[in-house]
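When a residue number appears, it is its place in the shown sequence, counting from 1. It should be emphasised that the depicted structure is a prediction, and the values quoted were computed from it without experimental measurement.
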Amino acid sequence: MVKRRHSAVVLLENEGGRVTMQSTVTAEEGVDPAALAEALLADAIRQLARLPEYRTGETPITVADGALEGALQGA
């Protein structure tokens with residue numbers, strides 16, 4: 001199957017503010033939208049974990065239940 005690069009701007013927010021990440025993954029053409037959204041979110045979290053305030057482990061990264069539901073509406 002053919003693989004394609006998929007990109008999205010991922011907005012992550014919490015009570016302290018917002019951060020926007022450009023996320024890119026390679027996945028098979030016709031990939032399930034939920035799996036693609038999860039992969040894009042995972043890439044954004046990977047990038048976020050490299051920021052100094054998270055890299056130390058002092059500030060945990062958590063994902064809210066249902067966080068991807070809005071991303072999948074209309075997919």
Side-chain angles (χ1 to χ4, degrees):
M1 194 164 241
V2 177
K3 292 199 174 208
R4 291 187 44 206
R5 289 178 61 83
H6 301 270
S7 296
V9 174
V10 180
L11 174 64
L12 304 167
E13 59 184 354
N14 65 17
E15 63 279 346
R18 296 180 182 171
V19 64
T20 303
M21 305 292 230
Q22 177 67 38
S23 182
T24 303
V25 297
T26 300
E28 292 182 358
E29 191 171 310
V31 65
D32 175 61
L36 181 57
E38 274 189 44
L40 289 163
L41 177 59
D43 182 61
I45 291 172
R46 177 193 62 78
Q47 293 178 57
L48 186 66
R50 295 180 68 168
L51 295 176
E53 57 269 37
Y54 297 101
R55 186 174 50 222
T56 63
E58 292 177 28
T59 304
I61 298 172
T62 58
V63 178
D65 291 337
L68 292 176
E69 289 175 11
L72 297 175
Q73 291 177 351

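Leu40 approaches His6 most closely through the heavy-atom pair CD2-O, 3.7 Å. Minimum interatomic distance between Ala39 and Val25 (heavy atoms only, all atoms of both residues): O-CG1, 3.5 Å.
No more than 12 heavy atoms of other residues, nucleotides or ligands sit less than 6.0 Å from atom CD of Glu58.
Placement of Leu11 and Leu48 in two distinct hydrophobic clusters is found when ILVMFWY residues are connected by side-chain heavy-atom separations under 4.5 Å, directly or transitively. In the hydrophobic clustering of ILVMFWY residues, with side-chain heavy atoms under 4.5 Å counting as a link, Leu12 and Ile61 come out together.
For residues 38-52, the pairs satisfying side chain to side chain donor-acceptor pair (under 3.5 Å) are Ser23-Asp43, Asp43-Arg46, Asp43-Gln47, with sequence neighbours left out.
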